[in-house]
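This report concerns only the one structure given below.
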Number of protein chains: 2
Amino acid sequence: MSEPADDLDLIGRRTAQRTSVVGALIDHGGFVGARALHDALRTQGARVGLNTVYRTLAALVEAGRADVVRDRGGERLFRHRAFPEHQHYLLCRACGLSTPVDSETVETWAARVADISGFAEVEHTVELTGLCPRCRASS
Amino acid sequence: MSEPADDLDLIGRRTAQRTSVVGALIDHGGFVGARALHDALRTQGARVGLNTVYRTLAALVEAGRADVVRDRGGERLFRHRAFPEHQHYLLCRACGLSTPVDSETVETWAARVADISGFAEVEHTVELTGLCPRCRASS
DNA sequence: CAAGGATCGGTAATGATTTTCATTATTGGC
DNA sequence: GCCAATAATGAAAATCATTACCGATCCTTG
């Protein structure tokens, strides 16, 4: 498991605000929106501006320490990435629960498509959403 | 090949505005944003409001006659879907050129992940982007 | 301790999308 | 063809997430 310190070293100066943002992201465990994370930080007493939350999350993504998805409303949701590998998730639309899924098949497929397409710098986004067992039961 | 008429019948009343929006989407051939489509319509003399463009595109997506992706800025891009099958595309980040790709592998993978996950109503989004041969050459 | 640069945060700006609501157009029944 | 019921339209205003500004603040290094 990685420590917040590892992430902080990657994104510039170590400040109280960034420390709490990274900590909150790790504590949350799953995908969260910037706004929600900011609310959580404020609730627990941290004095951090929304702007700083956005900047810190963007820096983490840039450094490869966080994954991003878009929810249906277009909002970006962030999740701390403990391991350096590119990873895909299955995300519950109701409660936000996320679980990593086996990604090898898609990775291979994407690489092959890139190869035969003639396109350069091919990137891919894969998002799986559904209703987790608990949410399915309670609906 | 499908006719605009087929699409119009799926989304409610047949109006001059919807006809021109669907026509413009088909003519465009690839992925377009609502704003760009609206501009194109205005340029060619059609009197259509921007929100009618949005509503028509949303209705097409709802009816399964259009695909949607998000570009890097979060804007939604729409493409007319001539055939009823779910389809994935490889999209050029520079010029917007889009080409359908073989999707069977991902479809199968997504179905299997859904099966073993315990999640219900699993949906997936797969987006491939890159630089097409022409744009790669001119950069 | 001072200077320089990174960082912060409140606020205003941006940009896409949606809502509101009064007006207009389409459709099914006569 | 005519008419009322109702869906559709559009201009402007409202949302919502995200970003840009910019003056104040905090580290860090010398």
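Every chain is numbered from 1, with letters handed out A, B, ... down the list of sequences.
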Protein within reach of the bases, or only the backbone? For nucleotides 14-30 of chain C, mark each nucleotide 5' to 3' as B, S or -, using heavy atoms under 4.0 Å. --SBBBB----BBS---
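- Defining each end axis of the helix from C:dC1-D:dG30 to C:dC30-D:dG1 as the rotation carrying four pairs' C1' atoms onto the next four, with five pairs an end, the two axes are found to diverge by 30° to 10 degrees.
- Within the structure, every pair that satisfies the ring pair (Phe, Tyr, Trp, His ring centres under 6.0 Å) test and touches residues 110-139 of chain A, not counting sequence neighbours, is listed here: A:His86-A:His124, A:His88-A:His124.
- For B:Thr15, the side-chain hydrogen bond (donor to acceptor under 3.5 Å, both in side chains) test picks out no residue, with sequence neighbours left out.
- At least one donor-acceptor pair closer than 3.5 Å links the side chain of B:Arg136 to the backbone N or O of A:Gly118.
- Listed by chain and number, the residues in a side-chain contact (heavy atoms from CB on, under 4.5 Å) with A:Ala111 amount to none (sequence neighbours excluded).
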Output side-chain donor-acceptor pairs under 3.5 Å for residues 46-64 of chain B, partner residues at least two apart or in another chain, one line each.
from	atom 1	to	atom 2	distance (Å)
B:Asn51	OD1	B:Arg55	NH2	3.3
B:Thr56	OG1	B:Thr52	O	2.8

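- Here side-chain hydrogen bond (donor to acceptor under 3.5 Å, both in side chains) pairs that include residues 91-101 of chain A, with residues two or more places apart or in two chains, are A:Arg79-A:Ser98, A:Arg93-A:Thr129.
- Applying the side-chain contact (heavy atoms from CB on, under 4.5 Å) test to A:Thr105 and every residue at least two apart in sequence or in another chain returns A:Asp102, B:Thr105, B:Trp109, B:Arg112.
- With respect to A:Tyr89, the side chain to side chain contact (heavy atoms under 4.5 Å, CB included) criterion is satisfied by exactly one of A:Val101, A:Asp67, A:Leu128: A:Asp67.
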Donor-acceptor list for residues 20-32 of chain A side chains, cut-off 3.5 Å, not counting sequence neighbours:
from	atom 1	to	atom 2	distance (Å)
A:Ser20	OG	A:Ala16	O	3.2
A:Ser20	OG	A:Gln17	O	2.9
A:His28	ND1	A:Gly30	N	3.3

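- A salt bridge does not link A:Arg70 with B:Glu127: every distance from a Lys NZ or Arg NE/NH1/NH2 to an Asp or Glu carboxylate oxygen is 4.0 Å or more.
- Judged by distance alone, the side chain of B:Arg81 and the main-chain N or O of B:Gln87 form no donor-acceptor pair under 3.5 Å.
- For the pair B:Val69 and B:Leu91, the minimum side-chain heavy-atom distance is below 4.5 Å.
- With DNA chain D read from its 5' end, the first of the two nearest nucleotides for B:Arg42 and B:Arg18 is the one closest to B:Arg18.
- Partners of B:Gln44 under the side-chain hydrogen bond (donor to acceptor under 3.5 Å, both in side chains) rule, at least two apart in sequence or in another chain, do not exist in this structure.
- Residues from residues 90-98 of chain A that place a heavy atom under 4.0 Å from any atom of DNA chain C: there are none.
- No engagement by B:Arg72 is indicated, since no non-hydrogen atom pair under 4.0 Å with the nucleic acid exists.
- Heavy-atom contacts of chain B under 4.0 Å fall on DNA chain D between two terminal nucleotides, which in 5' to 3' order are D:dT6 to D:dA12.
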